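Worksheet: one structure, shown below.
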Amino acid sequence: MSQKTNFIAELQWRGMLQDITPNTENYLLAHQKVKAYIGFDPTASSLHIGNLATLMLLKHFQLAGHSPIVLVGGATGMIGDPSGKSKERVFLDETTLQHNIDSQKKQLAQFLDFEGVENPAEIVNNYDWFKNIGFIEFLREAGKFINISYMMGKDSVQKRLETGISFTEFSYQLLQGFDFYWLHQNKECMLQMGGSDQWGNITTGIELIKKKIGKEVFALTCPLLTKADGTKYGKSEGGNIWLDPQMTSPYKFYQYWIKDIEDADIIKFLRVLTLLDRETIENLTTEYAQNPNGLRRILAENITTRVHGKEACQKAIAASNLLYGKSTLHDFENTDAATLEEVFAGVPQKRLSKQAVAESANWVDLMAEVMQISKSDIRRLLKGNGISINQQKISENDALQTPQPKWIKDQYILLQKGKQYYLIVAA
RNA sequence: GGGGAGAUACCAAAGCGGCCAACUGGGGCAGACUGUAAAUCUGCUGUCUUAUGACUUCACAGGUUCGAAUCCUGUUCUCCCCA
């Protein structure tokens, strides 16, 4: 293993450090292999790009020669973290929860090294220790050490005092605190990390360990990814951007970074979400000062490749070039069928037989059905010149005719709503 | 327990017997400009027949009226004040 990075310094220049407990850096510098953990909430069957930043914390931690622990919240997921939530959550049933945990585990595994290195990562599930603890025992082991007013002071609780918070969610920080304690006792875990919204929960753990066994442990958080105007990243029209290719296709994933990142934030994302080193990023910054889109492509390619692999990423790029480049019908016809099929794989698609198309009364009906919007909407779009078929604008009059489309490669029709929404009808 | 206020489209918020498919703002969508940007400007934003048209909407259920989101009755829910 070659030169290891200084973890804290690395985070600092990347702008990934929000809060940090005193003495953390000294401790890390003084110890070769430290263990740190981050908890992930199994509320969905896939991680999303909001988890990417915290995942990078663990990645850098491992690159610095330390051992990361990934905690999936099998137990805490049954409770619900009030942080950042304005409403009480609905419980997930156990089958869903288990399914979510399993799929998240797989995703997490691809970002860190679990074997073949001297500081392998490991995954734990807090259900494994919580399942054996009874309520009485928990109150005696954890609850006794933390003061109510201390818990009430947390932001996550404060914000919910008006709208209401159940005892269950109120207790969440105690459970998370206990996780830290347990990992400290059983895995020598010294550090907890997370997004800055987790700071309150994390410090409860530090407090618990200090009160219970008098030991000092550490914590740090990274800023949540927000847009230059302060609003949250991570959602687009369709909702969350997931890491699971089944839920968000690599094409859509790639497009997200192209479309939804503001100029002012590109560099921030390069620092936080890629592993490019400082010098490289600085060079890129200068090189692309006048060409933010070029830089955006580098960002998108880098992230998409890491999440979905090189091959999937290249297809996403090919699809993007074909759809958003200066391409014409000719370019489509000139692309061989196999390539076209691969390229289109990630683009939203609807299967519809040629016969069904030919039998539609007109384009309006057809498009309303295929795009899942009302005919009124289609008409409005047509009036506003917002619909294209095979890269060609269509008028309202034409749209009322029976569809007699030209099938690209004898099997595709390319429908477009506005500039950014494509849909392929495949025979 | 007593008193008061309110429930309108994605959100906020007008309307208080006909001119209301419902002012306005935000959001969203589209067009122009552009960089698959931002900012700006324009249009649209209940559904449906080739629309100066029809139909279904203003918490829910009934009623008064030629006619109601607007008036009356009951139901459900929300909020505020006093105890």
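Small disclaimer: the values here were computed from a predicted structure and weren't measured. Letters A, B, ... mirror the listed sequences (proteins, then strands); counts begin at 1.
One can place CD of A/Gln290 at 18 Å from P of B/U34, the figure rounded to the nearest angstrom. The distance between atom CD1 of A/Ile258 and atom C1' of B/U34, rounded to the nearest whole Å, is 16 Å. Regarding A/Leu299, its CG atom lies at a distance of 17 Å from the P atom of B/A37, rounded to whole Å. Put simply, CD on A/Gln372 is 18 Å from P on B/C29, counting in whole angstrom units. Atoms CG (A/Leu382) and C1' (B/U50) sit 13 Å apart, rounded to a whole Å. In this entry the distance linking OH of A/Tyr422 with P of B/C29 reads 16 Å, nearest Å. To the nearest angstrom, P of B/G35 lies 18 Å from CD of A/Glu262. Rounded to a whole Å, the CD atom of A/Glu396 is 18 Å from the P atom of B/G43.
You'll find a donor-acceptor pair under 3.5 Å spanning the side chain of A/Gln255 and the base of B/U36, going by distance alone. Interface remark: the A/Asn291 side chain does not form any donor-acceptor pair with the B/G35 base, using a distance-only criterion of under 3.5 Å. Within 3.5 Å, a donor on the side chain of A/Lys419 pairs with an acceptor on the base of B/U34, or the reverse.
Spacing of P atoms, B/A5 relative to B/C71, comes out at 14 Å, to the nearest Å. Separation of the P atoms belonging to B/U65 and B/C77 is 32 Å when rounded to the nearest angstrom. Nucleotides B/G18 and B/A69, compared at atom P, are 11 Å apart to the nearest Å. Rounded to whole Å, the C1' atom of B/U70 lies 5 Å from the corresponding atom of B/C16. Rounded to the nearest Å, the gap between the C1' atom of B/G26 and that of B/C72 is 36 Å. Spacing of P atoms, B/A22 relative to B/C10, comes out at 16 Å, to the nearest Å. Comparing B/A32 with B/A39, their C1' atoms sit 14 Å apart, to the nearest whole Å. Taking atom C1' in both B/A14 and B/U36, the straight-line distance is 39 Å, to the nearest Å.
Residue A/Lys383 is out of contact with every strand shown, counting any heavy-atom pair closer than 4.0 Å.
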Working for side-chain hydrogen bond (donor to acceptor under 3.5 Å, both in side chains), residues A/Glu122 and A/Ser67: CA-CA 8 Å; A/Glu122 65 178 306; A/Ser67 310; over 6 Å; no

Stepwise ring pair (Phe, Tyr, Trp, His ring centres under 6.0 Å) test for A/Phe269 and A/Trp257: CA-CA 10 Å; A/Phe269 277 87; A/Trp257 304 102; 5.7 Å; yes

Full working for ring pair (Phe, Tyr, Trp, His ring centres under 6.0 Å) between A/Tyr422 and A/Tyr324: CA-CA 10 Å; A/Tyr422 280 99; A/Tyr324 293 104; 5.3 Å; yes

Working for ring pair (Phe, Tyr, Trp, His ring centres under 6.0 Å), residues A/Phe178 and A/Phe130: CA-CA 9 Å; A/Phe178 191 81; A/Phe130 273 117; 5.6 Å; yes

Worked check of side chain to side chain contact (heavy atoms under 4.5 Å, CB included) between A/Gln110 and A/Arg306: CA-CA 9 Å; A/Gln110 75 189 79; A/Arg306 196 142 31 79; over 6 Å; no

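Comparing B/A37, B/C48, B/A30 against the side chain of A/Leu381 picks out B/A30 as the nearest. Listed nucleotides: B/G35, B/U36, B/C48. Nearest to the side chain of A/Arg296: B/G35. Listed candidates were B/U36, B/U50, B/A30. Nearest to the side chain of A/Arg379 is B/U50.
Of the charged side-chain nitrogens involved, none lies within less than 4.0 Å of a carboxylate oxygen, so that A/Asp102 and A/Lys105 do not count as a salt-bridged pair. With respect to the salt-bridge test (charged N to carboxylate O, under 4.0 angstrom), the residues A/Asp410 and A/Lys354 qualify.
Residues A/Gln255 and A/Ser320 have side chains that bring a donor and an acceptor to within less than 3.5 angstrom of each other.
Annotation: of the two residues near RNA chain B, A/Ser376 and A/Ile266, the 5′-most nearest-nucleotide partner is A/Ile266. A residue-by-residue look at A/Tyr254 and A/Asn385 shows that A/Asn385 has its nearest nucleotide of RNA chain B further toward the 5' end.
B/G43 is paired with B/C29 under the criterion used here, namely a Watson-Crick or G-U wobble arrangement in which both key atom distances are under 3.5 Å. B/G1: Watson-Crick or G-U partner is B/C82, with both key distances under 3.5 Å. Nucleotide B/C60 forms a Watson-Crick or G-U wobble pair with B/G74, both donor-acceptor distances falling under 3.5 Å. Pair assignment for B/C16: none, as no Watson-Crick or G-U wobble contacts are both less than 3.5 Å.
Taking the six-membered ring for Trp and thresholds of 30 and 60 degrees, A/Phe7 and A/Phe61 have ring planes more than 60 degrees apart, a perpendicular arrangement.
Across residues 308-319 of chain A, not one residue has a non-hydrogen atom less than 4.0 Å from an atom of RNA chain B.
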What pairs of nitrogen or oxygen atoms, one from the protein and one from nucleotides 44-46 of chain B, lie under 3.5 Å apart?
| unit_1 | atom_1 | unit_2 | atom_2 | d |
| --- | --- | --- | --- | --- |
| B/C44 | O2' | A/Arg380 | NE | 3.4 |

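For an aromatic pair to be called close, the ring centres must be under 6.0 Å apart, and A/Tyr251 with A/Phe344 fails this.
Cation-pi contact between A/Lys417 and A/Tyr421: present, with separation from the ring centre below 6.0 Å and deviation from the ring axis of at most 45°.
Checked options A/Leu58, A/Val124, A/Ile38; the residue passing with A/Val70 is A/Leu58 (criterion: side-chain contact (heavy atoms from CB on, under 4.5 Å)).
Contact annotation: A/Gln420 side-chain N/O to B/A37 OP1/OP2 distance is under 4.0 Å.
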